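What follows is a single structure, written as structure tokens, with notes after it.
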Amino acid sequence: MVMRDLEFLVLGSGTSAGIPAIGCDCEVCHSEDPRDKRLRTSAAIRFTDAQDQPRTILIDASPDLRQQVLRAGIDRCDAILFTHNHVDHTFGLDEVRRFNITMQSPIEIYAERHTLDHLERVYRHIFQRDRNVNDSFVATLVAHQLEPGRTLDLFGLQVEPIRLLHGRLPILGFRFGTDATSPHLPLAWCTDVSSIPPESWTRLTGLQTLFLDMLRERHHPTHFNLDQAIKAARTIDAGQTWFIHMAHEIGHAATEATLPEGIRLAWDGLRLASDGAEPTLDPPGEAARTPSC
């Protein structure tokens, strides 16, 4: 038996402020299109492993994690892959303690050393539990250090960390899968990107699916803008490219109408399933009804 029933879920597709942004009166922040309501960028992969065990892997732990997993119906978390140490990708980590209760087991977390150092500093109550005044309800985590190019096997799913640059900050993208166990594999998740180092382009070849950072039309020092993201997507030439980490300058319907064939905007609740079904807003409209806090 091999891994089966794989699905990839976009839990959030928005930039660090979320959409709608607090105190903003712009057209997108007041849009009725549910695809314009964006929680902070993160994702989940769900599948059944070769031992017939359900598995869920999170990519980052956004500040909206509780809301995101409740909406998606996620009731377990076997592992978390962290792209980098910024607040909008790590400040939901405290929420995973509920998964420890439901699964009665620890959660494996994977990150580069500088990201692990950040997590251990911010979440000292988790990583130095013995120093807490009270033995309170905290997550149980097992930390593992990642290195670009060193592939790991998570419950039968091959995961390769890929070096990317977020301004001057080295971060990670992830390439998933090495075979055709799903029509969407191999798949790469590349958020918060402003440039791709020369050695990483070859790790992004032969993709069926690419999720790629695209913040807005104007230039930004630490993210691809629209033109840069389109250029990178054309160079990588995946079967399907989805843009993520979008700001409120990007209106979904208007922007997507201008994109080249094979490139689309992701949305909160986007689900790519191993049965090859057409992606839908799943559940319909629900991804957008509760603004990010």
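Since the model is a prediction, treat every value here as computed from it, not as a measurement. Only heavy atoms go into these numbers, but all of them, side chains included; no hydrogens, no water, no symmetry mates. Residues take their numbers from the sequence shown, with the count starting at 1.
- Cluster annotation: Met246 is not connected to Val10 through the hydrophobic network of ILVMFWY side chains, with a link wherever side-chain heavy atoms come within less than 4.5 Å.
- Without hydrogens or angle criteria, Asn225 side chain to Gln228 main chain gives a donor-acceptor distance under 3.5 Å.
- Here OG1 of Thr151 is found 9.5 Å from CZ of Arg175. Values are rounded to the nearest 0.5 Å.
- A salt bridge is defined here as a Lys NZ or Arg NE, NH1 or NH2 lying under 4.0 Å from an Asp or Glu carboxylate O, and Glu95 with Arg66 fails to meet this definition.
- How far CG of Asp49 is from CG of Leu6: 12.0 Å, rounded to the nearest 0.5 Å.
- Within the 3.5 Å criterion, the main-chain N or O of Ile196 finds a donor-acceptor partner in the side chain of Trp201.
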Please table the atom pairs, donor to acceptor, closer than 3.5 Å between any side-chain atom in residues 154-171 and protein atoms at least two apart or in another chain.
unit_1 : atom_1 : unit_2 : atom_2 : d
Gln158 : NE2    : Asp153 : OD2    : 2.7
Glu160 : OE1    : Arg203 : NE     : 3.4
Glu160 : OE1    : Arg203 : NH2    : 3.1
Glu160 : OE2    : Arg203 : NE     : 2.8
Arg163 : NH1    : Glu112 : OE1    : 3.0
Arg163 : NH1    : Glu112 : OE2    : 3.4
Arg163 : NH1    : Ile171 : O      : 2.8
Arg163 : NH2    : Glu112 : OE2    : 2.6
His166 : ND1    : Asp192 : O      : 3.2
His166 : ND1    : Thr222 : O      : 2.7
His166 : NE2    : His86  : ND1    : 3.4
His166 : NE2    : Asp192 : OD2    : 3.2

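- Cluster annotation: Leu270 and Leu70 are assigned to distinct hydrophobic clusters (Ile/Leu/Val/Met/Phe/Trp/Tyr, side-chain heavy-atom contacts under 4.5 Å, transitive).
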side-chain contact (heavy atoms from CB on, under 4.5 Å) for Leu185 and Phe8? Distances and angles first, verdict last. CA-CA 10 Å; Leu185 297 180; Phe8 191 92; over 6 Å; no
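- Side-chain polar atoms of Asp60 and Thr83 form a donor-acceptor pair below 3.5 angstrom.
- The shortest distance between side-chain heavy atoms of His125 and Asp94 falls below 4.5 Å.
- Atom CZ in Arg264 sits 4.0 Å away from atom CH2 in Trp242 (nearest 0.5 Å).
- For His184 against Thr209, the heavy-atom pair with the smallest separation is O-OG1, 2.9 Å.
- Both Ile109 and Leu58 belong to a single network of hydrophobic side chains, linked directly or stepwise wherever heavy atoms of I, L, V, M, F, W or Y lie under 4.5 Å apart.
- Gln145 CD: more than 12 foreign heavy atoms inside a 6.0 Å radius.
- A donor-acceptor pair is defined here as one N or O able to donate and one able to accept, closer than 3.5 Å; no such pair exists between the side chain of Gln208 and the backbone of Pro186.
- Between Arg98 and Phe137 there is a side-chain heavy-atom pair separated by less than 4.5 Å.
- Between Leu116 and Ala143, the closest heavy-atom pair is CD2-CB, 4.0 Å.
- Atoms CD1 and CD, from Ile250 and Glu217 in turn, are 5.5 Å apart once rounded to the nearest 0.5 Å.
- Contact of the Val69 side chain with the Phe99 side chain is registered, since non-hydrogen atoms from C-beta on lie closer than 4.5 Å.
- Applying the salt bridge (charged side-chain N to carboxylate O under 4.0 Å, His left out) rule to pairs touching residues 137-152 yields Glu147-Arg150, sequence neighbours excluded.
- With a 6.0 Å radius and a threshold of 12 heavy atoms from other residues, nucleotides or ligands, Glu199 has its CD atom above the threshold.
- Both Ile59 and Leu172 are assigned to one and the same hydrophobic cluster, defined by single-linkage of ILVMFWY side chains at heavy-atom distances under 4.5 Å.
- Although no hydrogens or angles enter the test, the distance criterion places no donor-acceptor pair under 3.5 Å between the side chain of Thr48 and the main chain of Asp5.
- Between the side chain of His84 and the backbone N or O of Thr115 there is no donor-acceptor pair closer than 3.5 Å.
- Closest approach of Val142 to Pro106, counting heavy atoms only: CG2-CB, 4.0 Å.
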Test log, rule side-chain contact (heavy atoms from CB on, under 4.5 Å), inputs Thr41 and Asp88: CA-CA 8 Å; Thr41 291; Asp88 53 323; over 6 Å; no
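- Under the 4.5 Å side-chain heavy-atom criterion for grouping Ile, Leu, Val, Met, Phe, Trp and Tyr, Leu272 is not connected to Leu204 through any hydrophobic cluster.
- In this structure, the side chains of Met103 and Asp78 come closer than 4.5 Å at one or more pairs of heavy atoms.
- Looking at Thr140 and Arg129, their side chains come closer than 4.5 Å, going by heavy atoms from C-beta outward.
- For the atom pair Ser42 OG and Leu81 CG, the distance stands at 12.5 Å (nearest 0.5 Å).
- Shortest non-hydrogen contact noted between Ser13 and Arg38 is OG-CG, 3.5 Å.
- Counting non-hydrogen atoms of other residues, nucleotides and ligands closer than 6.0 Å to CD of Glu32 gives a total of 12 or fewer.
- The shortest distance between side-chain heavy atoms of Leu265 and Thr255 falls below 4.5 Å.
- For Trp189 and Phe211, the distance between ring centers is under 6.0 angstrom.
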Could you go through the side-chain contact (heavy atoms from CB on, under 4.5 Å) check for Ile45 and Leu187 one step at a time? CA-CA 11 Å; Ile45 305 171; Leu187 178 152; 5.8 Å; no
Let me see the working for Asp268 and Arg40 under salt bridge (Lys or Arg N to Asp or Glu O under 4.0 Å), right down to the final yes or no. CA-CA 9 Å; Asp268 291 23; Arg40 268 62 75 90; over 6 Å; no
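- Of all non-hydrogen atoms in His248 and Cys29, the two that sit nearest each other are ND1-SG, 3.5 Å.
- Put simply, the side chain of Leu226 reaches to within 4.5 Å of the side chain of Phe243, judged on heavy atoms.
- The distance from the NE2 atom of His252 to the CZ atom of Arg35 is 4.0 Å, given to the nearest 0.5 Å.
- Residues in residues 113-123 take part in these salt bridge (charged side-chain N to carboxylate O under 4.0 Å, His left out) pairs, two or more places apart or across chains: Arg113-Asp117, Arg113-Glu120.
- Taking the side chain as every heavy atom from C-beta outward, Leu9 and Gln68 never approach each other to under 4.5 Å.
- Between Gly92 and Leu65 the shortest heavy-atom distance is O-CD2, 3.4 Å.
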